[in-house]
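Take a look at the structure below.
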Amino acid sequence: MTKIQGPIRVRFAPSPTGFLHVGGARTAIYNDLLRQNVGGAFILRIEDTDKERSDEAMTRQIQSALAWIGVVWDEGPFLQSERLPRHHERAEELLAAGKAYRCFCAPEELDAQRTAAQKRGEAFRYPRTCLKLSQQEIDERLVAGKPFAVRFKMPDEHITFTDIVRGDMDFPPDALDDFILLRSDGNPTYHMSVCVDDIDMGITHVIRGEDHLSNTPKHIPLFRALGGQVPTFGHLPLILGQDKKRLSKRYGATSVEEFRNEGILPQALYNFLALLGWNPGGDREILSRDEMIRLFDVDRLNASPAVFDREKLLWMNSQYLSMLDAVALRPHLEPFLEEVGLGDADPARLDAAVSLHRTRARTLRELAGLLIPYFRETAYDPEASAKFLKDPDLPGHLEALRDRYAGLPDFTKEALEAALRAQADERGIKAGVLIHPTRMALSGTASGPPLFDLVETMGREATVRHFDRFIAFLRQPQPVAAGE
RNA sequence: GUCCCCAUCGUCUAGUGGACUAGGACACUGCCCUUUCAAGGCAGGAACACGGGUUCGAAUCCCGUUGGGGAUACCA
């Protein structure tokens, strides 16, 4: 297919009726990749003309979600609501030029006709009742103060265009009807607003969701009637849920904000969403934004819908967690540290602990949870600690090990390991007999990073304290289970 | 209902008429590594929706069926 030549002007035009959905985010990402790949400008436009459903807070929310995920826009945000007079003005021009006409038909009447047509198995098209009105009839209604909408006079011809992702499209004239440009309250409809804005903003490429595919044959003649350059279109397939139906709340998080709160890294979400419907060629899947920009090619955009796979997102996030070092992770981790009460923990120790645990967590929230034992006493996992209670020699072993560690000249993992193994030898036991309870004493769990890394990072003082506490735990009278 | 779009492992995908015994990734299973848990390495099971064509040859092109999705608004 044809290579897209820059500079181009693309736009992302969400309506602020909710948090930024992953589908919207993906659309923004493809616009971002295209814009960065070929050069030009990315325009952010907020389609807030539906005042009842729009919310200023959501507008800010969408911007912050886009910024967080790493989408860069060059112009805007422009609020569509502020351009209403302009939309109105252009509609008046179409009316004056005879490219649009007033429709006095009552909505209820049209609804009835629509239902009847559907019953007969036919597609309903506005029968152009009001197009046939004489000037005199129009004037009479105007004088009588009859409300009217303004309809676009659709040309009676096939509308064809080449969609970037779907190829050649052809819509026959009987599939289209004279849609409304201006409502009877004078407000422009979505179709009117988008086309006027796209023209005024010099948009050359419109990459949007598939739900707009059937709007495109309406928009193309409108662009022409308005004397504007018809942009190139590309319609992205939808993102589906596990049941292959449109992604919905039932499957958990669907907005960028929710993934952020769960502890997904922005790089991971960007990467994951970009690959949901686009393939850069080759087998690599972990790619930075810069690499994706370099490789981006609309020809490799998929036309079939994709199911959103949470598991794979989590996997990708864990890959990013492992790739980034503790310092790079710091700003992302901060809110989650606050959440678990580690907001003012010692940074050096925090970084050391993060390096030990990053490959063991799938989300930032999980990672923060794994860090707690380094700073606070935590409960011993009841199931995993139960078996240590059965060994009467264990408290003695651990006391000796504690004393050895307390007096160790250098508290390094090599020295710690040598000391532990030496003690095991002296006592004629296997190293594992000491290793496992020591891990439990320090972290409260049976799993985690290599033990001596854990001990070193914990530090001498805290280690000794943990030993004391665990020895006391082992020695306390054990409750006897009822019935035994 | 009508119009439009889509169809490769459970999922994301590679594949653009012969190199396909259909490749990779997630998930799953087994093995290795190992003080545990991860990570990593190796191996395994797992797909061309169905039916007709076209062609010497079809996952790939055409038609139909089925399934899924979208649009059918004075919502965006």
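Keep in mind that the numbers below use all heavy atoms, side chains included, and drop hydrogens, waters and symmetry copies. Note that the structure is predicted; figures quoted are calculated from it, not measured.
- Shown here, B:G30 forms a base pair with B:C42; the pair counts as Watson-Crick or G-U wobble because both key distances fall under 3.5 Å.
- Evaluation of the salt bridge (Lys or Arg N to Asp or Glu O under 4.0 Å) test over residues 364-375 of chain A, restricted to residues two or more places apart or in two chains, returns A:Glu339-A:Arg365.
- Under the ring pair (Phe, Tyr, Trp, His ring centres under 6.0 Å) criterion, A:His87 pairs with no residue, sequence neighbours left out.
- Nearest nucleotide to the side chain of A:Ala306, out of B:C6, B:U13, B:A76: B:U13.
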What protein N or O atoms touch nucleotides 66-73 of chain B N or O atoms at under 3.5 angstrom, if any, and at what distances?
residue : atom : partner  : partner atom : Å
B:G68   : O2'  : A:Lys244 : O            : 3.4
B:G69   : OP1  : A:Lys245 : NZ           : 3.0
B:A71   : O4'  : A:Ser214 : OG           : 3.1
B:A71   : O2'  : A:Ser214 : OG           : 3.0
B:A73   : OP2  : A:Arg114 : NE           : 3.0
B:A73   : OP2  : A:Arg114 : NH1          : 2.5

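- Annotation: side chain to side chain donor-acceptor pair (under 3.5 Å) contacts involving residues 151-160 of chain A, sequence neighbours excluded, comprise A:His158-A:Asp170.
- Judged by Watson-Crick or G-U wobble contacts below 3.5 Å, the nucleotide B:U72 has B:G1 as its partner.
- Regarding A:Leu313, its CG atom lies at a distance of 14 Å from the C1' atom of B:A25, rounded to whole Å.
- When side chains are defined from C-beta on, A:Arg362 counts as touching A:Glu311, because their heavy atoms get closer than 4.5 Å.
- Contacts of A:Asp111 classified as side chain to side chain contact (heavy atoms under 4.5 Å, CB included), with partners at least two apart in sequence or in another chain: A:Arg114.
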At a cut-off of 3.5 Å, list every protein nitrogen or oxygen paired with a nitrogen or oxygen from nucleotides 40-48 of chain B, distance to 0.1 Å.
residue : atom : partner  : partner atom : Å
B:G40   : OP1  : A:Gln319 : NE2          : 3.2

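- For A:Asn279, whose side chain is taken as the heavy atoms from C-beta onward, the closest listed nucleotide among B:A25, B:A76, B:U13 is B:U13.
- A donor-acceptor contact under 3.5 Å is formed by the side chain of A:Lys312 with the base of B:A25.
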Side-chain atoms of residues 276-283 of chain A: list all donor-acceptor pairs with protein atoms under 3.5 Å, sequence neighbours left out, distances to 0.1 Å.
residue  : atom : partner  : partner atom : Å
A:Asn279 : OD1  : A:Gly281 : N            : 2.7
A:Asn279 : OD1  : A:Arg300 : NH2          : 3.2

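- The salt bridge (Lys or Arg N to Asp or Glu O under 4.0 Å) analysis of residues 431-454 of chain A, with sequence neighbours excluded, yields the pairs A:Lys413-A:Asp453.
- When the nucleotides B:U35, B:A76, B:U36 are ranked by their closest atom to the side chain of A:Thr189, B:A76 comes out on top.
- Evaluation of atom-type donor-acceptor distances gives a pair under 3.5 Å for the side chain of A:Arg360 against the base of B:C37.
- The ring pair (Phe, Tyr, Trp, His ring centres under 6.0 Å) test applied to A:Trp315 returns no partner, not counting sequence neighbours.
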